[in-house]
A.B. asks: 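One structure, as structure tokens, below. Some questions next.
Quick caveat, the model's predicted, so the values are computed rather than measured.
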Amino acid sequence: QVQLVESGGGLVQAGGSLRLSCAASARAFSSSAMGWFRQAPGKEREFVAAISWIGSSTALLDSVKGRFTISRDNAKNTVYLQMNSLKPEDTAVYYCTAVKSIATRIPLGSWGQGTQVTVSS
């Protein structure tokens, strides 16, 4: 069974930082590029960041470049999203999932429950 469990969200003031974690089952994680997506109220879910299986390549949404960093620990089946200099427009539920590749950023279907990030101005 594919399982993805996101954590680390919360309420933070603009300019603050949060570190999100996604613990994945071995089936979800094994040999997969992984990505973070987010969905704000009333909006479509959008791509935020992706990382290759080895971790040597990453991709980021333009609006988060220079502020967010994606990383992974394959020994722990965990992917992280370090978010710095947060802005109110980063407010959303954040999800992780396996992706087809960092180039296509196509999610492979299984989603966790997400973790809420709220940035106050």
A.B. asks: Measure the spacing between CZ of Arg38 and CG of Leu81 and express it to the nearest 0.5 Å.
C.D. replies: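 The CG atom of Leu81 is 9.5 Å from CZ of Arg38, to the nearest 0.5 Å.
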A.B. asks: Could you list the residues that satisfy side-chain hydrogen bond (donor to acceptor under 3.5 Å, both in side chains) with Ser63, not counting sequence neighbours?
C.D. replies: none
A.B. asks: When hydrophobic residues are tied together by side-chain contacts of less than 4.5 Å, even through go-betweens, does Val64 share a cluster with Val99?
C.D. replies: no
A.B. asks: Once you round to the nearest 0.5 Å, how far does OG of Ser120 lie from CD of Gln13?
C.D. replies: 5.0 Å
A.B. asks: With distance as the sole test, does Thr115 use its side chain to make a donor-acceptor pair with the main-chain N or O of Gly9 at under 3.5 Å?
C.D. replies: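 Confirmed, Thr115 side chain pairs with Gly9 backbone.
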A.B. asks: If you look at every heavy atom in Ala14 and Ser121, which pair is closest and at what distance?
C.D. replies: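 Minimum heavy-atom contact is CB-CA, 4.4 Å.
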A.B. asks: Does NZ or CZ of Arg72 lie under 6.0 Å from the centre of the six-membered ring of Tyr80, at an angle within 45° of the ring axis?
C.D. replies: no
A.B. asks: Can you get from Tyr94 to Ile70 by hopping between Ile, Leu, Val, Met, Phe, Trp and Tyr side chains that sit under 4.5 Å apart?
C.D. replies: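 In one cluster with Tyr94: Ile70, yes.
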A.B. asks: Looking at side-chain heavy atoms only, is the closest gap between Glu6 and Tyr95 below 4.5 Å?
C.D. replies: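 Yes, at least one pair of side-chain atoms sits under 4.5 Å.
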A.B. asks: A side-chain contact here means heavy atoms from C-beta on lying under 4.5 Å apart; do Ile102 and Thr58 qualify?
C.D. replies: no
A.B. asks: Could you give the distance from CG (Leu18) to CG (Leu11), rounded to the nearest 0.5 Å?
C.D. replies: 9.0 Å
A.B. asks: Would you say that Leu20 contacts Met83 through its side chain, given a criterion of any heavy-atom pair below 4.5 Å between the two side chains?
C.D. replies: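 Yes, at least one pair of side-chain atoms sits under 4.5 Å.
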A.B. asks: Any side-chain heavy atom of Val12 within less than 4.5 Å of one from Thr118?
C.D. replies: no
A.B. asks: How many angstroms lie between CD in Gln113 and CD in Gln3, if you round to the nearest 0.5 Å?
C.D. replies: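 That separation rounds to 10.5 Å.
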A.B. asks: Atom CE of Met34 and atom CG of Leu108: how far apart are they, to the nearest 0.5 Å?
C.D. replies: 9.0 Å
A.B. asks: Is there side-chain contact between Gln82 and Ser71, with at least one heavy-atom pair below 4.5 Å?
C.D. replies: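 They are not in contact (no side-chain heavy atoms under 4.5 Å apart), so the answer is no.
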A.B. asks: First locate atom CG of Leu60, then atom OG1 of Thr69, and finally report the distance between them rounded to the nearest 0.5 Å.
C.D. replies: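 Leu60 atom CG to Thr69 atom OG1 measures 7.0 Å (nearest 0.5 Å).
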A.B. asks: Quick one about Glu89 and Thr91 (side-chain donor to acceptor, distance below 3.5 Å, no hydrogens or angles considered), yes or no?
C.D. replies: no
A.B. asks: Leu4 versus Ser110: any side-chain heavy-atom pair under 4.5 Å?
C.D. replies: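 Leu4 reaches Ser110 side chain to side chain.
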A.B. asks: Could you tell me whether Lys87 and Asp90 have a side-chain N and a carboxylate O separated by less than 4.0 Å?
C.D. replies: no
A.B. asks: Kindly write out the residues that satisfy ring-ring contact (aromatic ring centres under 6.0 Å, His included) with Phe37, not counting sequence neighbours, or none if the list is empty.
C.D. replies: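 Applying ring-ring contact (aromatic ring centres under 6.0 Å, His included) to Phe37 gives Phe47, Trp111.
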A.B. asks: State, yes or no, whether a side-chain contact exists between Glu46 and Leu61 at a heavy-atom distance under 4.5 Å.
C.D. replies: yes
A.B. asks: Would you be so kind as to tabulate the donor-acceptor pairs closer than 3.5 Å made by side chains of residues 50-57, with sequence neighbours excluded?
C.D. replies:
| unit_1 | atom_1 | unit_2 | atom_2 | d |
| --- | --- | --- | --- | --- |
| Ser52 | OG | Gly55 | N | 3.2 |
| Ser52 | OG | Ser56 | N | 3.2 |
| Ser52 | OG | Ser57 | N | 3.1 |
| Ser52 | OG | Ser57 | O | 3.4 |

A.B. asks: Would you say the side chains of Asp73 and Thr78 form a donor-acceptor pair under 3.5 Å?
C.D. replies: no
A.B. asks: Report yes if some heavy atom in the side chain of Val48 is under 4.5 Å from a heavy atom in the side chain of Phe68; otherwise report no.
C.D. replies: yes
